[in-house]
Every structure is written in structure tokens, then in C-alpha cells.
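The figures here come from the full heavy-atom set of this structure, side chains too, leaving out hydrogens, waters and symmetry mates. Read the numbers this way: they start at 1 and go in the same order the structure lists the ligands and their atoms.
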Amino acid sequence: MPNNLTSLTIREARRLLDARQVSSVELTQAFLDRIQQVEDRVKAYVTLTPELALEQARAADRRIAGGSAAPMTGIPLQIKDNMCTRGVRTTCSSRMLENFVPPYNATVVERLNAQGAVMLGKGNMDEFAMGSSTENSAFFPTRNPWDLERVPGGSSGGPAAAIAAAEAMGSLGSDTGGSIRQPAALCGVVGMKPTYGVVSRFGLVAFASSLDQIGPFARDVGDCALLLSAISGHDRRDSTSLPNPPQDYAAALTGDVRGLRIGVPKEYFAEGIDPEVERTVRRGIGILEGLGAKVDWEVSLPSTRFALAVYYILAPSECSANLARYDGVKYGYSDHTAASMWEELERTRQGGFGQEVKRRIMLGTYSLSSGYYDAYYLKAQKVRTLITREFQEAFRKYDVLVTPTSPTAAFRLGDKTGDPLQMYLSDVCTIPVNIAGLPGLSLPCGFAGGLPVGMQIIGPALGDAAVLRAAHAYEQATQWHTRWPEL
Ligand code: GLN
């Protein structure tokens, strides 16, 4: 069990900090101690920044003493290692960027810094966010705190495991096809992918730009809403950032879902789903119904079955363009053993990228090449529009859709590394949400075989507050978010 300070929610810590019953230095030290205690088993961090953390904590204590604390002042957080942190190595868990120290901060990091948050370190991930288990990290896999022989999910496995193991109060992840929600589900924590454009991606290392979105990990929905409020809002440095002003998402948490129209799309309970996961999620939806929501259990979204295929054309295509910049000249790793410039470029990319990244680059280059472009890339774009329209149609009738987050609970390390297709299937429930640019949140709704199960709540574009409200109401009526793994 985590100790008294590391098991607090951000809101509880805020009250104690503001009442001067605990200092940010004490709180931060408690997390550094906890990390010391469990990190060699969990491996949630690529880089730890204890000196920086304590320096930020001291600054936070001065700010609190001056009476100008913001919601995140003095709160110890982790950041996934694909968001640029000035002066702190940002690796994307890749050899390619193993020694890359960014000269600037991502906008989300700037916003947390402006509030006086504390950064404990950088979270482990699948290399360049490609994967569903964190086994594609070039450094080491992260382990699931509920069962150390199992994966935490991915690609934000470090952030999800860090929250479950009480190694941070909150974390930021990125979600291109499920990388926040799927690990949140597998580790029994809350993770949210906001509407595309709600959070700036300036300083997020790009994977698939039409899908990538940053979002929070937290112990519960209230903390998740606070973190989202802290990082969202327009940023002129990201051309896809929506012009909306920052919003107070915590204000949306009324606890009331009476009359909320919930749709349950049957395609998300199709073949491949673990029967115990299905039962657990259906029971979760039943609780929302008991709270007064109006549930339609028989919704159909037939284009769902194309989503995975569409994603595995579009995401690799975009990644093949985005990752062209790693040429051994501009950033990171460089192989200088070659005789010519071209050979150096080849060797750099051969040695710097892992298997899965190379597979994606080749898939993407193939589907973008002349002769195949129309058959693959263009076709996938058309089907993307169909999937998006189908969701829009559904949201005329329903306020939110509720599904499983992942078809199974956490699997064993090594179980899916030999079969990329099996690995890709772990995101079958989360990928459609990215394709349509919608908000989606995963929260714990029970256990299957002793492992956490996640329930996904999907909203219409800019329905982030509605998603949070439904999740919060469910959480108020249940106790899953108060359980901790034995570590
Ligand atoms: N698991 C999916 C993939 O491998 C999604 C990853 C992500 O959301 N970054 O692409």
C-alpha cells in the first residue's frame, strides 16, 4: 500500500497544501521515496528528475506562502517521454532520441510550469508511441502494478503504471489510437483522450498528426478534470488547436446523470471480447442506468469493423512522413561509420529505430507510393469520413456512448510480441474514437480474473464535459477507484 501522502488525490493534496498542513517539499519527497521503494519492479520512468522536482517544490511552497497558488501548484506529476521538456532528455523510448535534450518545453509542460506543478520525471512508453504494451520501449518494458508478470498496456504504459503504483499524482500521456485509455484500463486508473484540438500538441513528438492528442492520467475523474483544465485551451503554436478558451471541467461534475441518453454499440462487444470483461462493463452500464440514465442497449455502428484497417493505413502513412526527420543530422542518434552521406542516413535509421517503428514506416511508405495511394491511403480517408458521420448520426440520439475500453484485461509480457496483428487488436475499441476526433475516457469498472477492467465513455466532439460528468457520476456510486494493487 502507498503511504498516506502518496495515496492522496490531487484535490486532497491541494487542501492540505493550502492549509499549510503539508508542504510541497514533503509531498514531493514522499513520492521520491515511494519511487525508490517500487520503481525497480514497476519501471514506469525512463528518466527521474529528483533535483528539479525538489527545486520546483520549494518554489511552489514560496508561492503558496504568498497566497497565489493555482490548482497544480506543488503537485508532483510525471510526463510521458514524448513531450519536450527543456533541459531534460526526451527520448520517446527510442535509441534515436536517447540523448536528445530539447531546447524548449511543450505547451502542456509550459502550462503546468506556469501553475507551479512539480515534475518527478519522464514516463516510459512504446517507442515513438507505437504499441499497446510498452514492450516496444528500446530501454525496458514497464510492468503492470497489479501483476508484475503482465503488461501495463501502451503506448503510455509508464504513465498508467506510475499512477497505479502511486509513483505520481497525475501524468500526461498521448493517445493516437488508444494509448491513454487502453493502459488506463489495464492498470485500473482514469485516462482521458480529449476532443482533437482541445489540448495543444506543440512540443509533442509527432506520430500521426491527424490523430495524436495529449490527455491526463489520474486516480479519479475529479483529478482528471482538474488536469485537463490546466493543460487545455487555444495555442497559436499548434495550427490544429481549437480557438476555444480554457474551460473549468471540474465545474461539470454535478454527479447527476438523470435523463442522460446512453447508447451501447453492439459492435464493441463482438468477437474476441473476454466474456468476463463484457459482463463487468455491462454491469457498469447497469449502474449508470440505476442512477437514472436512459440506456439503449441495442445501438449499431456498422462501420466500426473498418476502423482498425483504416487506422493501420492512416497512422503508418502519417508516421512515415513524420519520422523522415530522423536522418542523423538534425536530432539524436547518428551513425558515423559510413563512407557516404546516403549510407550514413541508412545506417542511422537502421540502428536508431526498433522493429515496430520500421514496420510502420514501411507500411506507410507503401500505402503512400504511386500506384497504391488511391487503393489504400485515399480509400482509408473515405472510410474515415464514413466512420465520423456514423458517430455524428449516433450523437443526435445519444449524449454519450459506453463500451469496453479494451477487449481483454492485461495480458502477459511476451504474449503478443510475436504477432503484431494480435497486438493491434487490443485497440479495437479505442481507435474509432481517434478516427472521428472525439473525446473518450476510460475509468475502472471492476475486475476480471483479479485484473482491472476499464469502461470507455465516448462523447460527441467538444462533449468533453459531458463525458467527465457521466464518468464522475459512475465513480461516485462505486468504489473501484479507491483500490490499490499490493506492491
Ligand atoms: N496501440 C496503437 C498503435 O500501436 C495506438 C498507439 C497510440 O495511441 N499511440 O498505434
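Between Lys122 and Asp81 there is a salt bridge, with a side-chain nitrogen of the basic residue lying less than 4.0 Å from a carboxylate oxygen of the acidic one.
Relative ring orientation between Tyr331 and Phe100 is described as perpendicular, the plane-to-plane angle rising above 60° on a 0-90° scale split at 30° and 60°.
Residue Met130 approaches ligand 1 through these ligand atoms, each under 4.0 Å from one of its heavy atoms: 4 (O). Against a heavy-atom cut-off of under 4.0 Å, Ala129 is close to the following atoms of ligand 1: 6 (C), 7 (C), 9 (N). Atom numbering of ligand 1 starts at 1 in the shown order; those under 4.0 Å from a heavy atom of Tyr312 are 2 (C), 3 (C), 4 (O), 10 (O). Under a 4.0 Å criterion applied to the non-hydrogen atoms of Phe207, ligand 1 contributes the atoms 9 (N), 10 (O). Atoms of ligand 1 found under 4.0 Å from any heavy atom of Ser155 (numbered from 1 in listed order, with element): 9 (N).
For ligand 1, one of its N or O atoms has an N or O atom of Thr176 under 3.5 Å away.
Closest to atom 1 (N) of ligand 1 by heavy atom, among Asp427, Asp212, Leu425, is Asp427.
The single protein non-hydrogen atom nearest to atom 7 (C) of ligand 1 is Ser179 OG, 2.4 Å, given as residue, atom name and distance. Looking at atom 10 (O) of ligand 1, its nearest protein heavy atom turns out to be Tyr311 OH, 2.6 Å.
Contacts between Arg360 and ligand 1 below 4.0 angstrom, taking non-hydrogen atoms only, involve the side chain exclusively.
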